[in-house]
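Below is one structure, written out as C-alpha cells, with a few remarks after it.
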Amino acid sequence: RLFVVAGAGIAGVTCAETLARLCPYDSITIISESELLKGVCNVKKLSKTLEEFSVVETPLSSVSFTSPNIQIVRGRITSISHADHTLYYSSVGSDQEQQQQQIKYDYLCLCTGARPNVVIRDSPHVLGIRDTETVEHLRRRLVNARRVVIVGNGGIALELVHEIAHCEVIWAIKDDHIGNAFFDTQAAEFLLPELYVATHQPSAEESSSSVPPSSSPTTPSKSSPSSRSPRTLPSTLRRRRSTR
C-alpha cells in the first residue's frame, strides 16, 4: 500500500511515524512545502488533557527516520484527484519549480494544519497564533507593546496570559470561566486570583509608593486571594460574551 502524508509539521511527522510503526512493509511519503520538518521530543504527560513537549525543527536534508519505509518529497500541492488517487505538486527549491509532478496513493492523510479564526483579517495589529513562525512574529511585536488583547479561551490563550507579564493584558472570552476545555468552574475560580497576582506583580516604583495602613490595596495579595470574589474578573481580565 502507498500512504501519502500532506504536511511536514508535528501532525504530519507523527502520522508518518505512527503509520511506519503499524505498517512496516508499506510505503509512506511525506509531501512538504517547507524546508524544515517539525517534530516533538521530551513529551511529558502532566494531566489527562495536558502534555508538555519541545518542538524541534530539522532541515529536510538532515532528517533521518528510524523507519526505512518513510521518504520525504519537497513540493507545493496544486491539486488532488480523488477518483484517480493521484496528488499533483510542483517542486520548490529547485530548477523544476514550474514542472508539474504527480504521485499515486492508496491512502491520503491531510496534515496541513488549521487556520486560526482571526477576528479581523488583514490588520497589522491582529495576529493569529498557529505555529512557531507566528509565535516568533508575536515575540518581536511584544518588545514595545504596552497593551495586549488576547481573544480566545483555549490552551494557547492560557499560555499567553501566563507568559506575558511586561504589559497590560486584556483577556476576552465568551465562556463562563477561564480554560473551560481544561478546568471545571471550581478549578477556574481557584486559579483566577493566582493568575491575576502572577501577571500583576507591582514594579519597584509602585512598591516604593506610600500606602496608608488603613486603606486596602487595589491588587489582591497572594496571601489573601479571597479578598476579591473569584467570579468577578478584574479590569485587565475581562470576560466578553459573544454577540453571535
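Given the structure is predicted, the values throughout are model-derived calculations rather than measurements.
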Donor-acceptor pairs are to be reported for all side-chain atoms of residues 22-31 against protein atoms at under 3.5 Å, with residues two or more places apart or in another chain.
| from | atom 1 | to | atom 2 | distance (Å) |
| --- | --- | --- | --- | --- |
| Asp26 | OD1 | Arg1 | N | 3.4 |
| Asp26 | OD2 | Arg1 | NE | 3.1 |
| Asp26 | OD2 | Arg1 | NH2 | 2.9 |
| Thr29 | OG1 | Gln71 | NE2 | 3.0 |

How would you list, by chain and number, every residue that makes a side-chain contact (heavy atoms from CB on, under 4.5 Å) with Pro124, sequence neighbours excluded? none
Who are the side-chain contact (heavy atoms from CB on, under 4.5 Å) partners of Glu133, not counting sequence neighbours? Lys38, Glu57, Asp131
What distance do [X] atom [atom1] and [Y] atom [atom2] have between them, rounded to the nearest 0.5 Å?
X	Y	atom1	atom2	result
Gln100	Thr78	CD	OG1	3.5 Å
Glu159	His162	CD	NE2	9.5 Å
Ser91	Glu33	OG	CD	11.5 Å
Phe53	Leu46	CZ	CG	10.5 Å
Ile150	Ile156	CD1	CD1	11.0 Å
Leu138	Ile129	CG	CD1	4.5 Å

Are any non-hydrogen side-chain atoms of [X] and [Y] less than 4.5 angstrom apart?
X	Y	value
Ile77	Leu87	yes
Val148	Leu160	no
Trp171	Leu158	yes
Leu142	His166	yes

ILVMFWY cluster, [X] and [Y] together (side-chain gap under 4.5 Å):
X	Y	result
Leu19	Val40	no
Leu60	Val73	no
Leu36	Val135	no
Phe190	Val161	yes

Please indicate whether Lys44 has more than 12 foreign heavy atoms, meaning atoms of other residues, nucleotides or ligands, lying under 6.0 Å from its NZ. no
Does atom CD of Gln102 have more than 12 heavy-atom neighbours, drawn from other residues, nucleotides or ligands, at distances under 6.0 Å? yes
Could you tell me whether the side chain of [X] and the main chain of [Y] form a donor-acceptor pair under 3.5 Å?
X	Y	value
Ser67	Asn69	no
Asp106	Leu2	yes
His177	Phe183	yes

Are Asn153 and Asn180 close enough, and set up right, to give a side chain to side chain contact (heavy atoms under 4.5 Å, CB included), and what steps lead you there? CA-CA 7 Å; Asn153 197 22; Asn180 65 323; 3.1 Å; yes
Which atoms form the tightest heavy-atom contact between Val56 and Cys41, and what is the distance? CG2-SG, 3.3 Å
What are the two closest non-hydrogen atoms of Thr86 and Asp84, and how far apart are they? OG1-O, 3.1 Å
Can you list everything that forms a side-chain hydrogen bond (donor to acceptor under 3.5 Å, both in side chains) with Arg147? Sequence neighbours excluded, please. Glu168
Got a sec, which pairs hit ring-ring contact (aromatic ring centres under 6.0 Å, His included) with one end in residues 54-88, sequence neighbours left out? His85-Tyr105
Side-chain atoms of residues 3-17: list all donor-acceptor pairs with protein atoms under 3.5 Å, sequence neighbours left out, distances to 0.1 Å.
| from | atom 1 | to | atom 2 | distance (Å) |
| --- | --- | --- | --- | --- |
| Thr14 | OG1 | Ile10 | O | 2.7 |

